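Just so you know, residue 1 is the first one in the sequence shown, and it goes up from there. Note that ligands are numbered from 1 as they come in the structure, with each ligand's atoms numbered from 1 the same way. All values reported here derive from a predicted model rather than from experimental measurement.
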Amino acid sequence: MTELIKVDAIKPERSLMKKAACVILQGGTVAFPTETVYGLGANAFDHNAARKIFEAKNRPADNPLIVHVSSFDMLSDVCEFVPESVERALKKFWPGPLTVLLQKSEKIPEIVTARLPTVAVRMPAHPVALALIEESGVPIAAPSANLSTRPSPTKAEHVIQDLWGKVDVIIDGGETFFGVESTIIQVEDGKATILRPGPYTREELLQVFEEVEVSAFAKGAKAERAMAPGMKYKHYSPSKPLYLVCDKQKFVEISLELSRKGVQHTAIGTLDVLQNLKSKKIALGRGDNLYEVAKNLFDALRKFDSDSSAFALIHGFPEQGIGLAIMNRLRKACGGVCISSCEEIFNSLGSLNNLKEKSVYGF
Ligand code: TXA
Ligand code: MG
């Protein structure tokens, strides 16, 4: 049985947060909003509680969880030590969407870190997430609160779609703020490597670290040697084909050509790019604000999933600032390839005739 608890996102009601914290302390699972995406939390010190997260999400056991803390005191229970360069970064960027890898403490059971010697830790900036951790008094292990491979949840209704009946509590605190998951970094000899790009950009990290590298994998390279194990799995995927057209002009041309040929599809993009298209459209916001795009991205993928088109096109974004995180998620959602012609779509979906038989035509 799942209980839905609605709270105020900015001033969460104390009595409701206490109730959710009790569930955490009794070894249960609680989905809650963070500033990035919703997380599915359990007591990070409790092996059995953490196991329930893997079960509810159908998450592979070799994909470790992020541990969420609400204070630096709590951090000292989670990791062995904090190198000086990392501490400087955490003082600047926490609470906020930055996850760091540190040497794990003995108190964190192996199931949480998938047997790795390191633990991924972050202090979320969302009032509801912080209140839940504070009221519980224990660090909370929490991956994104979606079923494995599905787009991450940015609204309580997404969590309900994926996890209703599989978790104890879902806290509805409205829409999350950023819409893409935290930036994950690894720091060695004062040099930071971005393993997963997120809301904190390379440019911002450079205010604290002399060098900030973006791992090849975070930029879209194939995954065998992924440093964040979860990055090798299929991610963020709608259940129907989604094609990434990196170039916006090409995206418009391909969509118009498909419409001329009568091939029904959905075009996902910013309002300025979508305006003259004839297909179904899902808007990601205005083209001049990539933070708005990030916030709407996963919701758009879920909307496409439940519309009647057999496939969708989405256009690319400049890989700077938060654009790097957006493109990283898009590449994963599209299987890592960028297409530049209708033929590539037809070849991948089967022949045009095949398409006709499946009656994906718009008439
Ligand atoms: O914004 C976020 O980070 C959200 C919210 C809920 O905090 N959480 C999130 O968790 O995105 P999840 O599980 O969906 O992604 C965690 C990523 C995975 O790719 C996992 O492999 C990686 O972090 N990770 C966790 N522990 C790690 C470790 N010790 N070493 C390397 N990568 C690790
Ligand atoms: Mg996830």
Number the atoms of ligand 1 from 1 as they appear, then name those within less than 4.0 Å of a heavy atom of [X], with their elements.
{"X": "Leu65", "answer": "25 (C), 26 (N)"}
{"X": "Leu116", "answer": "28 (C), 29 (N), 30 (N)"}
{"X": "Thr36", "answer": "1 (O), 2 (C), 4 (C), 5 (C)"}
{"X": "Ser182", "answer": "1 (O), 2 (C), 3 (O)"}

Can you find a side-chain donor-acceptor pair between [X] and [Y] that sits under 3.5 Å?
{"X": "Thr183", "Y": "Arg202", "answer": "no"}
{"X": "Asp305", "Y": "Ser239", "answer": "yes"}
{"X": "Arg122", "Y": "Thr34", "answer": "yes"}

Consider ligand 1: state whether an atom of it lies below 4.0 angstrom from any non-hydrogen atom of [X].
{"X": "His68", "result": "yes"}
{"X": "Gln186", "result": "no"}
{"X": "Ile184", "result": "yes"}
{"X": "Arg59", "result": "yes"}

Side-chain (Lys57) to main-chain (Asn146) donor-acceptor, under 3.5 angstrom: yes
Short N-O contact, Glu253 and Lys250, less than 4.0 angstrom: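 Yes, Glu253 and Lys250 are salt-bridged.
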Residue pair Thr176, Phe298: steps toward the side-chain contact (heavy atoms from CB on, under 4.5 Å) verdict: CA-CA 11 Å; Thr176 60; Phe298 290 135; over 6 Å; no
Parallel, tilted or perpendicular: ring planes of His126 versus Phe177, cut at 30 and 60 degrees: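 The rings of His126 and Phe177 lie parallel, inter-plane angle below 30°.
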Atoms named by residue and atom, protein N, O or S, within reach of the Mg ion (ligand 2) (under 2.8 Å):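 Listed by chain and number, the nearby protein N, O or S atoms are Ser144 OG.
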